[in-house]
Amino acid sequence: MPRKKFSLLYSTIYDLVRKVPPGYVTTYGQIAQRVGCTARTVGFAMAALPHGSNVPWQRVINSQGKVSPRTDGDGNILQRNLLEIEGIQFDQKAQLNLDRYGWIFLK
DNA sequence: TTGTTGACTCTGA
DNA sequence: CTCAGAGCCAACA
């Protein structure tokens with residue numbers, strides 16, 4: 001089982017992402033504000049996430065309501081595909097409605 | 001400790 | 001998809 005091989009900050013971020021239910025999404029900025037860091041750091045944490053983890057990384061998108069393109073490859077295509085499977089629909093601009101799909105973390 | 005890099009966000013034009 | 005520039009924090013060499 002995945003052990004604590006991540007820093008406390010990363011673990012906190014991942015734990016937060018795990019609370020997002022299927023069919024909903026959250027933004028880097030929301031997580032950043034919740035854990036007390038910047039959006040870049042959250043994105044960096046997602047990039048460091050190993051493939052096959054129990055973290056629904058696909059539910060994390062940018063403030064524009066779109067999937068952020070990665071430098072690595074076409075993982076964003078997969079991400080969008082996974083979200084559509086969960087019932088999230090994108091419009092013609094490849095964006096989704098955060099008012100409807102955005103998840104608000106409970107305090 | 002310094003410099004580089006990154007799945008971001010905001011603002012101005 | 002409007003586009004470009006600056007700010008921001010953490011990981012890594």
key: Intermediate values then yes/no, side chain to side chain contact (heavy atoms under 4.5 Å, CB included), A/V67 and A/L96   = CA-CA 9 Å; A/V67 176; A/L96 53 79; over 6 Å; no
key: Distance, rounded to the nearest Å, where A/W57 contributes CH2 and B/dA7 contributes P   = 13 Å
message = Rounding to an integer number of Å, can you tell me how far A/M46 CE sits from B/dG6 P?
response = 18 Å
query = Residues in salt bridge (Lys or Arg N to Asp or Glu O under 4.0 Å) with A/R70, at least two apart?
reply =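 A/R70 satisfies salt bridge (Lys or Arg N to Asp or Glu O under 4.0 Å) with A/D72 once adjacent residues are dropped.
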message = A/R18: which residues meet the salt bridge (Lys or Arg N to Asp or Glu O under 4.0 Å) condition with it, sequence neighbours left out?
response =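 Result, salt bridge (Lys or Arg N to Asp or Glu O under 4.0 Å) vs A/R18: A/D15.
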inquiry  = Could you tell me how far B/dG12 sits from C/dC8 if I compare only their P atoms? Round to whole Å.
reply    = 15 Å
task = For B/dT5, take OP1 and OP2 only and decide whether either is under 4.0 Å from a side-chain N or O of A/T71.
result =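 Checking B/dT5 against A/T71, no side-chain N or O comes under 4.0 Å of OP1 or OP2.
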I'd like to know if the side chain of [X] reaches the main chain of [Y], judged simply by a donor and an acceptor atom lying under 3.5 Å from each other, with no hydrogens or angles considered.
X	Y	value
A/Y14	A/A45	yes
A/S53	A/L49	no
A/T41	A/C37	no

task = Could you tell me whether the side chain of A/I88 reaches within less than 4.5 Å of the side chain of A/R59, counting heavy atoms only?
result =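 In short, these two side chains do not touch, never coming nearer than 4.5 Å.
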message = Does the Lys NZ or Arg CZ of A/R80 fall within the cation-pi geometry relative to A/F90 - under 6.0 Å from the ring centre and within 45° of the axis?
response =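 Yes - A/R80 lies over the ring of A/F90, closer than 6.0 Å to its centre and within 45° of its axis.
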remark   = Each nucleotide of nucleotides 8-13 of chain C classed B (base within 4.0 Å of a protein heavy atom), S (only sugar-phosphate) or -, in 5' to 3' order, makes BBSS--
query = Among all residues two or more places apart in sequence or in another chain, which pass the side chain to side chain donor-acceptor pair (under 3.5 Å) test with A/Q79?
reply =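 In terms of side chain to side chain donor-acceptor pair (under 3.5 Å), with neighbours along the sequence ignored, A/Q79 is linked to no residue.
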request  = List in numerical order all residues of residues 25-33 of chain A for which some heavy atom is under 4.0 Å away from an atom belonging to DNA chain B.
outcome  = A/Y28, A/G29
ask   = Residues from residues 75-83 of chain A sitting under 4.0 Å of DNA chain B, heavy atoms only?
value =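 Going residue by residue through residues 75-83 of chain A, the ones with a heavy atom under 4.0 Å of DNA chain B turn out to be A/Q79.
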message = As a quick check of understanding, evaluate side chain to side chain contact (heavy atoms under 4.5 Å, CB included) for A/F105 and A/Q30, giving each step before the final call.
response = CA-CA 9 Å; A/F105 286 106; A/Q30 278 238 304; 4.3 Å; yes
